[in-house]
Structure formats: structure tokens, C-alpha cells
Amino acid sequence: MIDFKKDIALILSETIEGLTKSEIESMIEIPGDSKMGDYAFPCFRLAKALRKAPPVIASEIAEKLSGNGLFATVTSVNAYVNMFLNKELFTKAVLTDAAEMKETYGSTNVGQNRKVIVEFSSPNIAKPFHIGHIRSTVIGNSIYKLYHFLGYDTVRINHLGDYGTQFGKMIVAYRKWGSREEVEKEPIKSLLSYYVKFHEEAEAHPELEDEARAVFTQLENGSREEYELWKWFREVSLMEFSRVYDMLGIDFDSYAGESFYSDKLCKVIDILKEKNLLVASEGAQIVDLEAYNMPPALIMKQDGSTLYITRDIAAAVYRKETYDFYKNIYVVASQQNLHFQQWIKVIELMGYDWSKQCIHIPFGLVSLEEGAIMSTRKGKVVYLEEVLRRAVDQTRDIIREKNVNAEDVDIISKQVGIGAVIFQELSNGRIKDYTFSWDKILNFEGETGPYVQYTHARASSVLRNAAVDIGKAELMAQEVDFSFLTGESAFALTKLIYRLPEVVLEAAERYEPSIVTRHIVDIAQAFNRFYHDEHILVDDPKEKKAKLLLVYAAKQSIKNGLSLLGMEAPEKM
RNA sequence: GCGCUAGUAGCUCAGCUGGAUAGAGUAACUGACUACGAAUCAGCAGGUCGGGGGUUCGAAUCCCUUCUGGCGCACCA
């Protein structure tokens with residue numbers, strides 16, 4: 001594919017002195033209003049060096065550029081050079097590329113097989129998989145997809161919260177109030193009820209907390225009875241979690257959670273001692289971070305048991321040894337910003353130069369309506385499974401209502417309903433806090449997943465109705481007359497398709513799936529506009545072929561974009 | 001108190017490595033299905049970009065300051 005911006009920078013650099021090619025490239029803009037050109041170049045900064053007024057410079061550059069085959073026309077308005085591309089040349093390059101690359105269109109091989117770890121989802125065992133978990137799960141999955149698409153060798157890790165004092169509490173609570181039958185029947189609901197009861201009782205009887213800590217220490221020391229209970233809790237929980245992962249279409253390469261590192265902690269503590277980083281404080285062992293304007297990192301409690309920061313350090317060391325990662329990405333809530341700053345600093349102090357390859361990707365808080373915060377301990381949660389189920393049910397109702405001629409209503413309802421939830425989650429910047437709302441999550445109009453999927457289904461429908469075999473799109477692209485695609489809405493669509501690869505790169509670099517989400521909404525809007533402006537299945541076979549190629553490229557771009565979000569692209573809905 | 005983070009249309013948000021008249025969606029109103037799917041499209045209306053200062057030819061964007069909300073700050077994760 002031709003990099004038009006780079007080409008333009010090259011052409012400009014021949015007429016401009018004193019600026020490097022890459023400086024020029026970074027100054028080239030895509031005007032918000034296409035009346036100002038497909039690309040524009042502001043000349044204000046050249047004024048001093050050339051000792052001329054910016055508008056004069058702009059018109060001189062414009063004059064030199066016109067005549068170049070890349071452009072249809074080059075004009076200058078105010079101090080800008082306004083470049084209008086040769087539409088046929090541009091359209092041909094873009095659509096041929098999309099037709100050839102198909103399901104890989106949008107990717108660039110920048111990864112070169114380098115190893116990237118994405119840790120995400122990481123729910124706590126024996127606790128509900130609630131709406132708050134959707135963020136790490138869906139954002140993390142999309143970041144994985146982006147890096148995978150770009151040619152990185154990816155490892156997905158579900159760092160299960162399957163260790164810590166909470167399991168002491170859970171075991172104590174189970175022994176006091178639980179029964180095996182209940183847990184076997186409804187594992188998480190039962191375990192959660194014990195956990196809630198524990199916190200209620202502990203208010204009046206704080207000694208329960210001490211008991212729980214003691215039980216966890218026993219577990220950590222390898223006590224058989226506690227271990228068996230813990231293992232059982234873990235197994236039944238994972239079974240429930242995998243039901244949600246199946247609905248979301250999400251997989252992991254590793255479920256090595258916190259417990260996995262329990263035998264790797266001594267080594268970390270030894271290294272910390274060896275480097276003289278560990279100091280005693282109030283009976284506990286800490287790493288002092290005052291020099292870095294941070295509170296101390298608490299490595300070992302008074303009773304000798306460890307904390308999750310210790311396990312995160314051990315996990316990072318283990319991962320470096322095992323995977324030799326290029327990037328080690330953690331998709332974890334912004335509430336844990338300080339925690340990540342602390343342990344990544346400790347890794348640095350331990351002398352590991354790869355500390356900067358450990359990257360925390362934070363996201364904002366989900367709260368419930370009326371400002372209530374979600375609280376597992378109080379049992380106040382919205383189950384993710386229920387959200388997904390209701391979205392699927394509603395989709396099924398809509399499909400029936402619209403009387404769509406589709407055979408697999410159940411499959412499509414799942415693809416669209418769950419897609420709607422995923423899309424909603426990935427629509428806004430991940431750092432934003434938001435309030436969960438049933439109305440919002442079940443709204444399927446406007447900038448939503450169903451809108452984009454509908455556009456894809458509509459494009460698919462047009463291709464189905466055409467008597468042209470689009471299967472060999474790359475061959476078709478060879479013989480198309482691109483002059484049929486120079487209308488305003490067709491060209492606007494082509495320009496958006498062209499930008500997909502750079503959008504994907506930016507989304508990966510910024511760890512921000514919403515950039516892809518926004519862009520495929522733009523593509524869908526441009527497609528719908530084109531669809532309304534122009535008749536596609538016209539009689540003239542040449543014109544029809546050209547338009548079908550554009551429809552094909554748009555459909556493929558939307559499909560690839562949806563796939564990067566972890567969504568399906570149904571042919572009918 | 002200290003640190004991090006957010007504040008843009010009635011609501012939900014883009015735009016933030018400085019550029020032309022700040023954009024979508026939604027809600028309200030108006031119009032378009034006897035051409036390819038109306039979960040669609042078009043139109044109308046909606047703004048002290050939290051406030052104040054500064055840098056610059058040019059600031060929603062950068063710097064300073066201030067206000068408001070969210071999160072975090074030692075034996076939970």
C-alpha cells in the first residue's frame with residue numbers, strides 16, 4: 001500500500017528547505033472539512049526562515065505541486081496548502097490493497113514475533129463475575145487481539161485472584177456456616193453468602209479476622225485440609241467463570257493465578273535481602289520508597305505471610321525468565337495505580353532493566369445507579385452473566401419483531417446481544433468512570449454495536465444480491481474502472497478504509513481499543529451515507545463491479561475492526 | 001494533607017504529540033421505505049471547551065493557579 005502522507009512529505013521536502021522529511025510529515029494534516037482538501041499543509045512556521053508571509057509561501061508551494069500526478073488539484077487558502085488527491089489513483093491503491101489482504105487488512109507487521117504478555121480479567125475465585133469485571137476482560141481481550149493482529153507473539157494470562165487472606169476468611173466462613181451440598185449446587189452464590197456473612201459477623205467479632213489470617217497462614221504453609229478446600233473452591237469457581245468466557249468468546253493461554261507463585265516468593269525475598277532493599281518496620285518487612293515519593297512497599301506481614309505485591313514481583317520475575325517478554329501488559333483498574341508504581345519501582349531497584357517493559361494499563365471505575373459502588377462484601381453486584389443474557393434475549397425479541405429472514409436466530413441473537421455489550425464497553429476511553437445502566441446497555445440505536453453489525457449485514461446482503469462473484473476480490477480489483485468511485489460519499493468512505501491500518505497501530509500503541517471502535521463507527525456511517533446517496537446494483541456491469549468492490553472493502557474493514565474488539569460480524573441479522 | 005485522574009451541547013462522549021468555522025450519538029422537532037435491509041438516512045436546534053492567568057502568528061489541546069467530582073495513600077486484593 002502506498003503511504004500517501006509519506007509520499008506527500010517527500011514531494012514537499014523537495015520544495016521546502018530547512019525542514020526534514022519527517023518534520024514535514026508530522027505537520028501534514030487531514031482537514032476536518034474535506035472542502036479544504038484531502039491533505040493540508042500549514043505554512044506559518046516557514047515564515048521566519050523564508051522571510052515571507054505565510055500565504056505567499058503557501059501559494060508558491062501550491063503552484064510547484066500542481067502538475068504532480070498524485071494530485072488532482074493543489075490550491076492555497078489563507079496560509080494553507082490544500083491538496084486534493086487524484087481520486088482514481090488513490091481509490092485504486094486502497095481498494096486493491098483491501099481486496100488482496102482480506103481478513104488481514106488493517107494489519108502491519110510491526111510485531112516481528114516479539115513476545116507480548118497481556119494479563120487481563122483476573123477475577124477473584126469464589127466471588128461473582130460481575131459487571132465490574134467486564135472492563136479488564138473486554139479491554140484486555142481487545143489489546144491482545146490488536147497485538148496479535150500486528151504480528152506479536154502473544155500470551156494471555158488470567159491472573160486469578162486465588163490466594164491471600166480472603167481465602168482464610170472463606171474457609172473460616174465455610175466451616176462455620178456452609179455446607180457441601182449448597183456449594184455443589186450453586187458454588188459462587190453459596191460461597192459469596194458465607195463471605196458476606198463473615199463480614200457481617202466480623203463487625204461484632206473482630207477476632208474472626210485473626211482466625212482468618214491464621215487459616216491463610218496454614219494454607220500457605222501447606223496444610224492438607226485447608227489446601228483441599230481451597231482447591232475445591234477454585235475448581236467450582238473456574239467452571240462458572242468459563243461459562244461467561246464462552247459467552248464472550250474469550251480464551252486464555254494461562255490461568256496461572258496468584259497461588260501459582262506461592263513457591264516463588266522466597267527467591268524474591270532472598271534477592272531483596274541480598275540487595276539490602278528489605279528493611280524491618282513495625283514488625284513487618286518493607287521496601288522503603290520514600291526517595292521516590294511513594295509509601296513503602298509492604299513485602300511481608302508481621303506474621304510472616306506475604307501480600308499481593310510480593311506475588312506480583314515474583315510473577316514478573318517468573319514471566320521474564322519463562323517468556324522473555326518484550327512487553328508485559330497489565331490491564332488492571334486505575335484504583336491500583338499506586339500498587340503498580342510501587343512494585344515496578346521495586347523491580348527496578350532490584351536491578352532489572354526490564355522494569356520499564358512492565359506496563360500498567362488502567363481503566364476507570366464502574367458504579368451502580370444512585371451512586372452506589374459495587375460491593376462484593378455486601379453482596380451488592382450486577383452479574384455479568386445476567387447482563388449478557390438479557391442483551392441476548394432483547395436481541396432475539398427485536399429479530400422476531402423485525403421478522404428478519406434468518407435461520408439461526410439463536411446464534412445471531414448471541415452475536416449481536418453480546419456484541420452490543422462488548423461494543424458499549426469499548427466505545428469510550430478506558431480511563432473514564434461510568435455508571436452502569438440497563439437502559440444504556442440495552443440501547444441498540446445510534447453509535448452502538450448493533451448499528452455497526454447491521455451495516456456489515458447490509459453490505460453482506462448487497463454482495464449476496466449481486467450476481468458477481470466477489471470471492472476473488474483481488475482479481476476483480478485488477479479490472480475495475482475506478483472512475484465510478486469518485487463521488488463524494490464513495491470517496492469519503494474510501495478515505496476511511498485507507499486509514500484503518502494507522503488507526504489499528506495507534507490503538508495498539510496507546511492501548512486504547514476505543515480508537516478502533518470509533519473508527520468502525522465512522523466507516524459504518526460513511527457506508528450508510530454512500531448506500532443512500534448512490535444505487536449500487538445498477539445495470540451497467542462496469543459501474544456495478546466498481547461499487548461492489550468498494551462495498552466489499554468496507555464490509556471487510558468493518559469485519560476486521562469488529563474482530564479486533566472481540567466481536568462477530570454476522571452476515572444477516 | 002499528599003499523590004493519581006477526570007471536567008467539552010440537556011444527557012453520553014470524540015477531539016488533547018498546538019492549526020482553518022470545536023464534532024458525533026442521544027433526547028425534542030421535521031422529512032424520507034413500489035431500487036440494493038428504515039437496528040437506516042437527511043434536516044433543524046443545541047457551546048463562557050469548569051474559572052482565572054501565561055506562552056504563541058494561532059490554545060479545548062502546552063505551562064501556572066484555582067474550583068468540582070472520582071480513586072489511592074502499611075499488614076485486603
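Residue numbers begin at 1 in each chain, while the letters A, B, ... track the order of the sequences.
Comparing B/rG3, B/rA74, B/rC13 against the side chain of A/Y434 picks out B/rC13 as the nearest. Side-chain atoms of A/Q335 lie closest to B/rG72 of the nucleotides B/rC57, B/rC36, B/rG72. Closest approach to the A/K402 side chain among B/rA39, B/rG37, B/rC57 is made by B/rA39 (side chain taken as heavy atoms from C-beta onward). Counting only heavy atoms from C-beta on, A/N428 has its side chain closest to B/rA14 among B/rG70, B/rA14, B/rC41. Of the candidate nucleotides B/rG37, B/rU12, B/rA77, B/rA77 has the atom nearest to the side chain of A/E258. Residue A/A457 places its side chain closer to B/rG37 than to any other of B/rG37, B/rA39, B/rC36. In this structure, the nucleotide among B/rA14, B/rC36, B/rA39 sitting nearest to the side chain of A/H535 is B/rC36. In the set B/rG37, B/rC76, B/rU26, the nucleotide with an atom closest to the side chain of A/S461 is B/rG37. Among the nucleotides B/rA39, B/rA20, B/rA74, the one closest to the side chain of A/I286 is B/rA74.
Regarding contacts with the backbone of B/rU17, every side-chain N or O of A/R510 stays at 4.0 angstrom or more from both OP1 and OP2. Between B/rC41 and A/Y451, a contact under 4.0 Å exists linking OP1 or OP2 to a side-chain N or O. Within the structure, a side-chain polar atom (N or O) of A/T165 is placed less than 4.0 Å from OP1 or OP2 of B/rC76. Proximity of A/Y308 to the phosphate of B/rA77: no side-chain N or O atom is located under 4.0 Å from OP1 or OP2. Under 4.0 angstrom from either OP1 or OP2 of B/rA42 there lies at least one side-chain N or O belonging to A/R529. Within the structure, every side-chain polar atom (N or O) of A/R518 is placed at least 4.0 Å from both OP1 and OP2 of B/rC13. Close to B/rG37, at under 4.0 Å from its OP1 or OP2, lies a side-chain N or O of A/N465.
Judged by the 6.0 Å distance and 45° axis criteria, A/K169 is not positioned over the aromatic ring of A/F198.
A/I30 has its CD1 atom 14 Å from the C1' atom of B/rG15, to the nearest Å. Following rounding to the nearest Å, A/K52 (NZ) and B/rC57 (C1') show an atom-to-atom distance of 18 Å. Atom CZ of A/F530 is separated from atom C1' of B/rG37 by 16 Å (rounded to the nearest Å). To the nearest angstrom, C1' of B/rA74 lies 14 Å from CG of A/L278. Put simply, CZ on A/R135 is 13 Å from C1' on B/rG70, counting in whole angstrom units. Between A/M36 atom CE and B/rU21 atom P there is a gap of 8 Å when expressed in whole angstrom units. Whole-Å rounding puts the A/K48 NZ to B/rG58 P distance at 11 Å. The nearest whole Å value for the distance from the CG atom in A/D522 to the P atom in B/rC13 is 18 Å.
A/R396 has a carboxylate O that lies under 4.0 Å from a charged side-chain N of A/D393, or vice versa, which qualifies the two as a salt bridge. Between A/K555 and A/E571, at least one side-chain N (NZ, or NE/NH1/NH2) sits under 4.0 Å from a carboxylate O, which counts as a salt bridge.
Within the nucleic acid shown, A/A40 comes within 4.0 Å of at least one base atom, counting heavy atoms only. Using a 4.0 Å heavy-atom distance criterion, A/R45 is classed as a base contact. Backbone-only engagement by A/G429 is indicated by non-hydrogen atom pairs under 4.0 Å involving sugar-phosphate atoms exclusively. Across all strands shown, A/E512 has no heavy atoms under 4.0 Å from either base or sugar-phosphate atoms. A/S281 comes within 4.0 angstrom of a nucleotide base, judged by non-hydrogen atoms across all strands. In this structure, A/E445 reaches the sugar-phosphate backbone alone: every heavy-atom distance under 4.0 Å involves primed, P, OP1 or OP2 atoms, never a base. Residue A/P295 is in sugar-phosphate contact alone, with no base atom involved, counting any heavy-atom pair closer than 4.0 Å across all strands shown. Residue contacts shown for A/I536 include a base, since a base heavy atom lies under 4.0 Å away. Residue contacts for A/G164: at a heavy-atom cut-off of 4.0 Å it reaches the sugar-phosphate backbone alone, with no base atom in range. Using a 4.0 Å heavy-atom cutoff across all strands shown, A/Q453 reaches no nucleic acid atom at all.
If you take atom P in B/rA42 and the same atom in B/rG51, they sit 32 Å apart, rounded to whole Å. Comparing B/rU56 with B/rC63, their C1' atoms sit 12 Å apart, to the nearest whole Å.
In the model, A/E425 has a side-chain atom that pairs as donor or acceptor with a side-chain atom of A/Y434 under 3.5 Å. For the residue pair A/Y451 and A/N528, a side-chain donor N or O sits within less than 3.5 Å of a side-chain acceptor on the partner. Defined by atom type and a distance below 3.5 Å, a donor-acceptor pair is missing between the side-chain atoms of A/Y330 and A/H159. In summary, the side chains of A/D303 and A/S305 do present a donor paired with an acceptor at a separation below 3.5 Å, with no hydrogens or angles considered.
Searching all strands for a Watson-Crick or G-U wobble partner of B/rU55 with both distances below 3.5 Å returns nothing. Base-pair partner of B/rU26: B/rG10 (Watson-Crick or G-U wobble, both distances under 3.5 Å). Checking B/rC44 for Watson-Crick or G-U wobble geometry (two distances, each under 3.5 Å) identifies no partner in any strand. For B/rA35, there is no paired nucleotide, since no Watson-Crick or G-U wobble pair has both relevant distances below 3.5 Å. Within the shown strands, B/rG72 is the pairing partner of B/rC2 under the Watson-Crick or G-U definition, both distances less than 3.5 Å.
Across the interface with RNA chain B, nearest-nucleotide mapping of A/S427 and A/R464 shows A/S427 to be the residue nearer the 5′ end. Toward the 5' end of RNA chain B, the nearer of the two residues A/Q424 and A/A524, judged by each one's closest nucleotide, is A/Q424.
One cannot find a donor-acceptor pair under 3.5 Å joining the base of B/rA77 and the side-chain atoms of A/D312.
Remark: ring of A/Y531 not stacked against base of B/rU40; the cut-offs of centroid gap under 5.5 Å and plane tilt under 30° are not jointly satisfied.
Using cut-offs of 30° and 60° for the angle between ring planes, the A/Y163 and A/W230 rings count as perpendicular.
A/F129 meets the ring pair (Phe, Tyr, Trp, His ring centres under 6.0 Å) test with A/H133, A/F241, A/Y245; sequence neighbours excluded.
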**Report entry** Test side-chain hydrogen bond (donor to acceptor under 3.5 Å, both in side chains) applied to A/S121 and A/N158, step by step
**Finding:** CA-CA 6 Å; A/S121 196; A/N158 194 341; 4.5 Å; no
Query raised in the report: Please walk me through it: do A/E488 and A/K35 pass salt bridge (Lys or Arg N to Asp or Glu O under 4.0 Å)?
Result: CA-CA 10 Å; A/E488 200 179 318; A/K35 287 190 197 73; over 6 Å; no
For nucleotides 7-9 of chain B, list the nitrogen or oxygen atoms of the protein found under 3.5 Å from its nitrogen or oxygen atoms, one pair per line.
from, atom 1, to, atom 2, distance (Å)
B/rG7, OP1, A/K432, NZ, 3.3

